[in-house]
Every structure is written in C-alpha cells, then in structure tokens.
K.L.:
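Let me give you the structure first, and then I'll get to my questions.
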Number of protein chains: 2
Amino acid sequence: MNAGRTARERARAELTEEIKTAARQQLATVGAEALSLRAISRELGMVSSALYRYFASRDELLTALIIDAYDALGAAAEAAPAGGDPVGDWIAIYAAVRDWARANPQEYALIYGSPISGYQAPQTTVQPASRVPLLLLGLLQRAQESGRLVTPPDAPTPSGALAQQTEVLVALAPGVPPAVLVRTVIVWTQLFGMLSFELFGQLVGSMDPADEFFASASRQMAAFVGLS
Amino acid sequence: MNAGRTARERARAELTEEIKTAARQQLATVGAEALSLRAISRELGMVSSALYRYFASRDELLTALIIDAYDALGAAAEAAPAGGDPVGDWIAIYAAVRDWARANPQEYALIYGSPISGYQAPQTTVQPASRVPLLLLGLLQRAQESGRLVTPPDAPTPSGALAQQTEVLVALAPGVPPAVLVRTVIVWTQLFGMLSFELFGQLVGSMDPADEFFASASRQMAAFVGLS
DNA sequence: CAGAAACGAGAGCAGTGCTCTTGACAGTGA
DNA sequence: TCACTGTCAAGAGCACTGCTCTCGTTTCTG
C-alpha cells in the first residue's frame, strides 16, 4: 500500500529503533510502569507529540518492547550450548534463561510479571512467547527418539479434559508421551516461578543467592520429565 | 506520647479502614499501578490532601494493602480443610491458595507480580509472606512424624552452600530431611509459577482452563516431596 | 512541478502524586 | 470556663503524565 521506499523510510526505521533503545534504557532504570513517553522524547531531543508518529500510544510502544523481550529471551535460550547430552542441554537452556533474566530484570518483569493494567497483550506476542517452551519440547522429542527419555513410572497418563489439552502439545512434539508433556508444563511453570521468586525478591531469607538451588532444581526437573 | 484515646482515635481507625476498602475496590477494577489517591478520596467524598493524614504516601498505602493481601492469602490457606491425610491436606492447601488467587487476582498480582518500581518492600512484609510456606513445612513435619513422608530415593542430599541455606529450613521443620526441604522450595516456586501463569494469561493456548492441570500438578508435587 | 503524505514543534486538556498554608474543631489542664 | 495544643479537611499550587489538535515545513510521488 503505502510503499515509500527511500531515505524517509530508513530514517523512520532508525528513529523507531532509537526510540525503543531509549525506552529500554529507561525501562532498566525506572521500570515498566514508570516508563514515560515524555522522558523518552526528551532524551531523544524531540517533542513528545512527535513520538506519536512512531507509536500510536504508550501501549503500542510497550507491545513492541514485549515482543522484543520475548525474542531476546528466546534467542538467548536457543543459543545455549548444545552438546548432544540431553540432560546437559536441558541444564544449559535453564542456565541461559536465568542468565538472560538476571541481566535484563525489567524486561523479564515486563513479560513474566503482573500484566500492565489496562493493557491487553495482542495476539502478536503469542508466537515469540512460545519460543522457550518449543525449545524444551524439541529437546524432549529428540531425546525420545534417541532413547534418552524414559517415561517416569509414577507419571500419571492424563485423562479427561487434561488429555484433550495435552493433544495440542502432542502435535508439537510427536512421539513424546502425554504423561511427559504434562510434566513439561509443570517444570515450565516451575522454571519461571523460580526465576520470578529470585528476581522479585521472594527468595530472600531462604535460597538467596539462588545459584546452587537453581542448579539443583534444573537437574531434578530434568529427571522429573524423564531425561537421562 | 500523643495519647488521644477516645472518639477521635476510633474515627481515625475507622476512616483508615474505609480508605483501604476503597483502595481495594479500586485495585480490583483498575489494577495496582493505576491506583489513584485522588480517585479514592473522591470515592470517600473527601479531598485528596486529607488522605495524607492517614497514609504518608501512595507507597505506604500500597504497603498496607500488600500486608493485608499476604495475611488474607495466609488465612485462606490455613483455613483449608485438614482431614489428617497428608496428601489430601496438601491438595486442599493448593486448592485454597488457587481459589484465593483467582478470587483476588489484583491482590495476588500485588504480592507475587513484578515489584512496583521505586517501591521497596519493607521488612514488615516478610512475616505475613511466609505463612504459606510455613504451613507447607508444618504439614511435612507432621507427615514425617507419622511416617507418611518417605524421602524420595532420587532426591539428592544438598551439599555446599545449598546445604547451608537449607539449615534455615531445618530449624523451621526439624526432622524433615534436607533433601525434602530443597524439594519443598522447588514445589513452592512451582505452585506460584503455575498460578502466575494461569492468572497472567501465560497458559492461554495450552492448559487454560487450568483446573485439571492444577489438580494433577498438586498430586504430582505432593508425591515429588515424598508425601504418601 | 503540483499535490499528497509525512513530519516536528508547540499549545492545550484532563489527569496524577504530593506539598504547603489556612481556618475550624476536639480534647485537656489550669 | 477558657485558653492552649494537636488534629483535621479544605484548597491552591507545583511539576509531572498521556494524548490531541493545529500549524507550518519537508519529503516523496504521480
């Protein structure tokens, strides 16, 4: 439609990126909810109203930042060193996720913290959000194929509505037993619960610093889903 | 010192409670970060500045609300029906926590969501925050004493710094093996990770509605810590 | 080259948390 | 009874916010 293709477009793309960069900097210092369009525009030496040429609203800026954060986390997790040993790879992914979260706590809070009031996450965020779980599922599937995944004997096979819901995951990781897939969701929630507790200060007084606890949990969760 | 002891004090206490009630109502509708002192004062038919006689700042109001939320959640969990069967009691506590969280999502987000920027949780919140984990520890200890807790054979005994950190928990639940205590922290983070995912919309597309998944996770986590 | 589209600047609106001052009132000791 | 003291609500005001609208200017395009 509106295919302007030249200098103007390049300038626009650059400025859009500059705005996001400034927003991320502000995010890191004052947090998501205190993110101020006026402060960003001040930083960039422009007037606040000009910002609305690039993002229709504060929410739209936030959406862009959220998608970027999901993508950055997904990329960090996918870049975790893979050596072929399923348990080692699993632990490496856990470590990569934690490292990213600790390096970018405000961006982590943006995607895994409380939803921003009045802000409705658009469907656009679903795909980048699923990169980490898809990565774990892929690892499990490969482990299954190479015989390194043994269904834990005490893992109950889902029935009823739970079995139905699991089918979505079966389609994503064919061959992995439903009982393991349910456990995958359990450990997925465990991972991010653990990270949120660490980053949000809930572990202070018990397992903080959490390095060793996190390492132990990684191993035990790998065993919990049946990796060996 | 300033010991006015009569009608004035009573009026003050009542109005303080009224302010918190109005704040909670607003919390439930617009969320924590959009909580406005002016809107509360408007609701109560007073002028915004008068509110500062009762709460020195917005943060102080939030702190009061946070402590109330922790206490409400703790009370709800402690009120879970206990029938003597450890696994049944465990599941009942899980269900009570979830019920409270689903009934009070904004208050849940207030205490388990991202920390409010610029807001530092005072030490006052630590004690009410520990009611739920203490409840779980107490259950485990009683199960241990009655022989209903068997340390899972694949639960590694913590060593090094992790063993040291576990000692704090050993003091709280004497008799419960360290390996089980580490697993208790794991399932504790799992519980609230699962709840956060459900309430914050992260499960949409996979395990939502989460009733059966939650029930299955409750049971599997009870087994994971060694309850039978 | 003319028209259209995009752009930055600026003023302005309604709202926010918070501070300070002012005048009214309640409780208390002489 | 009366003056004193501390508490209270009210209101104006400050600096900030997201957002809208208008106005000239610049840039692209048919």
K.L.:
Quick one: list whatever passes salt bridge (charged side-chain N to carboxylate O under 4.0 Å, His left out) with B:Asp71, sequence neighbours left out.
P.N.:
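If we apply the salt bridge (charged side-chain N to carboxylate O under 4.0 Å, His left out) test to B:Asp71, skipping adjacent residues, the hits are B:Arg131.
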K.L.:
Check residues 184-194 of chain A and write down every donor-acceptor pair under 3.5 Å in which the side-chain atom is one partner and the other belongs to a residue at least two apart or another chain.
P.N.:
unit_1: A:Thr184; atom_1: OG1; unit_2: A:Val180; atom_2: O; d: 2.7
unit_1: A:Thr189; atom_1: OG1; unit_2: A:Val185; atom_2: O; d: 3.3
unit_1: A:Thr189; atom_1: OG1; unit_2: A:Ile186; atom_2: O; d: 2.6
unit_1: A:Thr189; atom_1: OG1; unit_2: B:Gln190; atom_2: NE2; d: 3.0
unit_1: A:Gln190; atom_1: NE2; unit_2: B:Thr189; atom_2: OG1; d: 3.0

K.L.:
How close or far is atom P of C:dC7 from atom CG of A:Leu51, stated in whole angstroms?
P.N.:
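Roughly 12 Å, once rounded to whole Å.
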K.L.:
Taking atom C1' of C:dC18 as reference, at what distance in whole Å does atom CD of B:Glu60 sit?
P.N.:
14 Å
K.L.:
B:Arg38 has a side chain; which of C:dC18, D:dA9, D:dT17 sits nearest to it?
P.N.:
C:dC18
K.L.:
Table please: side-chain donor-acceptor pairs of residues 199-207 of chain B below 3.5 Å, with sequence neighbours left out.
P.N.:
unit_1: B:Gln202; atom_1: NE2; unit_2: A:Tyr70; atom_2: OH; d: 2.6
unit_1: B:Ser206; atom_1: OG; unit_2: B:Leu203; atom_2: O; d: 3.1

K.L.:
Select one nucleotide: of C:dG8, D:dC8, C:dG17, the one nearest the side-chain heavy atoms of B:Arg53.
P.N.:
D:dC8
K.L.:
Without decimals, in angstroms, what is the distance between B:Leu61 CG and C:dT16 P?
P.N.:
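Interatomic distance, CG of B:Leu61 to P of C:dT16: 15 Å.
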K.L.:
Round to a whole Å and report the spacing from CZ of B:Arg10 to C1' of C:dA26.
P.N.:
14 Å
K.L.:
List for me each residue that meets salt bridge (charged side-chain N to carboxylate O under 4.0 Å, His left out) alongside A:Asp208, sequence neighbours excluded, and say none if there are none.
P.N.:
none
K.L.:
Can you confirm whether the side chains of A:Tyr108 and B:Ser114 place a donor and an acceptor under 3.5 Å from each other?
P.N.:
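A:Tyr108 vs B:Ser114: no donor-acceptor pair found between side chains.
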K.L.:
Listed by chain and number, what are the salt bridge (charged side-chain N to carboxylate O under 4.0 Å, His left out) partners of A:Arg142, not counting sequence neighbours?
P.N.:
none
K.L.:
Only pairs at least two apart or in different chains count here, so list each salt bridge (Lys or Arg N to Asp or Glu O under 4.0 Å) that has a residue in residues 45-58 of chain B.
P.N.:
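Applying salt bridge (Lys or Arg N to Asp or Glu O under 4.0 Å) to every pair that reaches into residues 45-58 of chain B, excluding sequence neighbours, yields nothing.
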K.L.:
Do B:Ile40 and B:Leu35 have side chains that get closer than 4.5 Å, going by heavy atoms?
P.N.:
yes
K.L.:
What is the distance, to the nearest angstrom, from the CZ atom on A:Arg58 to the P atom on D:dT20?
P.N.:
14 Å
K.L.:
Enumerate the residues from residues 39-50 of chain B whose closest heavy atom to DNA chain D is under 4.0 Å, giving them by residue number; use none for an empty result.
P.N.:
B:Met46, B:Val47, B:Ser49, B:Ala50
K.L.:
I'd like to check the salt bridge (charged side-chain N to carboxylate O under 4.0 Å, His left out) partners of B:Asp68; sequence neighbours left out, ordered by chain and number.
P.N.:
B:Lys20, B:Arg24
K.L.:
For B:Ser216, give me all partners under side chain to side chain donor-acceptor pair (under 3.5 Å), at least two apart in sequence or on another chain.
P.N.:
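Partners of B:Ser216 by the side chain to side chain donor-acceptor pair (under 3.5 Å) criterion, ordered by chain and then number, come out as B:Gln220.
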K.L.:
At what angle, to 10 degrees, do the two end axes of the helix from C:dC1-D:dG30 to C:dA30-D:dT1 meet, given five pairs define each axis?
P.N.:
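Rounded to the nearest 10 degrees, the bend comes out at 10°.
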K.L.:
Donor-acceptor pair under 3.5 Å: do we get one between B:Arg12's side chain and the base of D:dT7?
P.N.:
no
K.L.:
Is the backbone of B:Pro209 close enough, under 3.5 Å, to the side chain of A:Gln165 for a donor and an acceptor to pair up by distance?
P.N.:
yes
K.L.:
Short of 4.0 Å, heavy atom to strand atom, which residues of residues 14-24 of chain A count as contacting DNA chain C?
P.N.:
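A:Leu15 - these, ordered by number, are the residues of the stretch whose heavy atoms sit under 4.0 Å from the strand.
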K.L.:
Send over the distance from A:Tyr52 OH to D:dT22 P, rounded to a whole Å.
P.N.:
17 Å
K.L.:
Could you work out which one of C:dC18, D:dT17, D:dT27 sits closest to the side chain of A:Ser36?
P.N.:
D:dT17
K.L.:
Determine: side-chain N/O of A:Tyr54 to OP1/OP2 of C:dG8, distance under 4.0 Å, yes or no.
P.N.:
yes
K.L.:
Could you state the atom-to-atom distance from CG of B:Leu37 to C1' of D:dA9 in whole Å?
P.N.:
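After rounding, the gap between these two atoms is 16 Å.
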K.L.:
Report the distance from atom CD of B:Glu9 to atom P of D:dT7, rounded to the nearest whole Å.
P.N.:
11 Å
K.L.:
Any side-chain hydrogen bond (donor to acceptor under 3.5 Å, both in side chains) pairs touching residues 38-52 of chain A, not counting sequence neighbours?
P.N.:
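As it turns out, there is no side-chain hydrogen bond (donor to acceptor under 3.5 Å, both in side chains) pair with a partner in residues 38-52 of chain A once direct neighbours are skipped.
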